[in-house]
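As structure tokens, the structure follows; a few thoughts come after it.
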Amino acid sequence: MNSESKYFKLFAECKLVKGNKRSAIYDLPRNSYKLIPNGLYDILSTYKTNTIDDVKRDFEKTQHSIIDEYFKMLIENEFIFFCDEDELELFVDLEPAWDYPGQVSNAILELPMQNDTLTLSLLSLEKLGCRFIQFRAFNTLNLNYIEAILTFLNNKDFDYIEIISKWGNYDIDKLISILKNHQRLRLLYFYGAEKNKVLKDNKIERQKIVFSSEMKEKHSDFHVNNKYYFKVNITLFCESLFFNNYYNRKVCITKEGEIKNCLSLNKTFGYVKNLDSIDRIVQTNDFQLLWNINNDKIKICQDCEFRYMCVDNIPLKYENGEWIKTSPCFYNPYNPDDL
Ligand code: SF4
């Protein structure tokens with residue numbers, strides 16, 4: 001029996017996502033994706049318990065060579081495997097779901113912040129289950145100030161810390177020593193540097209110092225709208241199916257202590273005044289509204305094949321009964337030649 005008369009199955013962790021003009025296969029365990037024509041998407045989503053012979057039977061002979069090309073690519077990329085008919089039921093689909101064992105998973109805090117506000121914020125965020133913290137500053141930060149914050153975080157539950165600030169002719173050895181002493185500080189990112197560079201040093205294997213010559217002057221300069229922020233993995237994929245993968249479980253706090261969904265948004269929900277301020281605000285439907293606006297609910301994004309890997313954070317607005325981005329994306333799913 002040749003493979004054309006055996007049953008083909010898409011691996012459960014290879015997910016099909018249809019776009020307006022083309023589709024993508026997300027290879028979740030390999031953290032990669034492959035763009036495919038919508039015709040192949042239709043074949044794979046229609047013929048779920050069939051053989052290649054079955055597929056060919058439904059198409060004109062003139063199209064069989066294209067079908068052969070499709071399946072050659074699927075086999076080469078290990079997106080499909082073959083089995084016997086009685087084995088089909090053994091390979092079940094993944095039942096996607098997403099949850100997080102905390103009310104907040106990640107936070108962005110603007111520095112410098114008054115010490116009591118910073119302390120209250122960090123203690124509250126830890127209590128709410130937050131494990132990822134980004135500190136962001138529009139000026140150069142004193143290294144003693146950075147070290148004091150990191151020392152405070154030493155016995156706290158945060159797993160991943162990154163600091164973004166303006167470059168200030170820091171002593172590189174001192175930066176490496178800070179990273180060495182604070183292993184959960186994974187990224188030091190300096191903008192306004194002389195040139196773009198990633199510093200690698202064997203003393204800080206899991207950590208990075210990134211220098212960027214770009215300047216950042218306002219929070220909207222941190223918008224992540226380009227393909228370098230596409231991430232393919234099972235957690236992000238599942239979260240994106242149900243939630244907005246940028247706003248969901250996120251809290252942002254300005255240097256004045258305002259609690260927001262995103263630092264670049266004007267809307268403030270209140271201030272960090274005591275240990276319960278963040279908890280109380282995060283529980284409200286108003287604060288959680290954007291958490292639930294996933295890309296399937298956003299005009300244009302809902303037709304984009306990248307919608308479950310794209311963590312874009314262009315602000316949203318609700319207009320004429322639909323959610324739209326307030327500025328255009330770099331990518332147009334209706335004219336995909338431009339990527
Ligand atoms: S159209 Fe939407 S989902 Fe697609 S790349 Fe742009 S922002 Fe991301």
Side-chain angles (χ1 to χ4, degrees), residues 13-28 30-42 44-45 94 96-98 100 105-106 108 132 134 136 164 212 214 216 218-250 252 260-267 288-339:
E13 288 171 301
C14 293
K15 291 300 194 187
L16 292 170
V17 180
K18 190 167 191 176
N20 181 268
K21 286 280 191 295
R22 60 186 181 180
S23 299
I25 299 178
Y26 290 39
D27 191 338
L28 299 177
R30 289 191 174 123
N31 310 117
S32 61
Y33 67 92
K34 179 132 188 107
L35 295 167
I36 58 167
N38 278 350
L40 177 53
Y41 172 95
D42 291 338
L44 291 171
S45 49
L94 282 184
W98 187 91
Y100 178 79
S105 64
N106 66 102
I108 302 178
F132 176 104
Q134 181 190 99
R136 188 188 285 180
I164 301 178
S212 163
E214 264 182 31
K216 309 275 188 199
K218 51 193 182 311
H219 289 298
S220 57
D221 291 340
F222 287 92
H223 284 165
V224 289
N225 184 247
N226 66 59
K227 67 176 179 178
Y228 302 106
Y229 288 93
F230 287 171
K231 281 187 255 168
V232 178
N233 63 60
I234 194 160
T235 308
L236 183 71
F237 179 82
C238 292
E239 183 178 14
S240 310
L241 288 175
F242 303 100
F243 300 101
N244 183 294
N245 60 28
Y246 182 79
Y247 296 113
N248 188 35
R249 310 286 176 112
K250 179 190 273 355
C252 296
K260 296 185 168 195
N261 287 125
C262 174
L263 291 177
S264 66
L265 299 179
N266 291 332
K267 184 162 179 173
Q288 291 186 15
L289 176 69
L290 290 178
W291 293 11
N292 296 303
I293 313 303
N294 77 339
N295 281 335
D296 290 319
K297 295 181 182 140
I298 301 169
K299 196 176 175 184
I300 300 177
C301 298
Q302 59 205 186
D303 292 326
C304 177
E305 59 277 20
F306 301 117
R307 64 189 177 277
Y308 306 129
M309 66 171 93
C310 168
V311 286
D312 158 81
N313 66 340
I314 296 173
L316 297 171
K317 66 176 173 186
Y318 192 68
E319 204 173 79
N320 301 326
E322 57 190 359
W323 287 97
I324 55 173
K325 300 262 178 193
T326 50
S327 56
C329 174
F330 74 98
Y331 176 65
N332 178 359
Y334 308 106
N335 181 20
D337 291 342
D338 54 9
L339 186 73

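Whatever order the structure lists ligands and atoms in, that order sets their numbers, starting from 1. Counting from 1, the numbers follow the sequence of the chain as shown.
- Among residues at least two apart or in separate chains, salt bridge (charged side-chain N to carboxylate O under 4.0 Å, His left out) pairs with a member in residues 321-331 are K299-E322, D312-K325.
- Partners of Y100 under the ring pair (Phe, Tyr, Trp, His ring centres under 6.0 Å) rule, at least two apart in sequence or in another chain, do not exist in this structure.
- Counting only protein atoms, the N, O or S atoms lying less than 2.8 Å from atom 8 (Fe) of ligand 1 are C310 SG, ordered by chain and residue number.
- At distances below 3.5 Å, at least one donor-acceptor pair connects side-chain atoms of N38 with backbone N or O atoms of N20.
- Salt bridge status for E214 with K216: present, with a side-chain N to carboxylate O gap under 4.0 Å.
- Using a 30° and 60° split on the angle between ring planes, F230 and F330 fall in the tilted class, from 30° to 60°.
- Every residue two or more places apart in sequence or in another chain that forms a ring pair (Phe, Tyr, Trp, His ring centres under 6.0 Å) with F237 is listed here: Y26, Y308.
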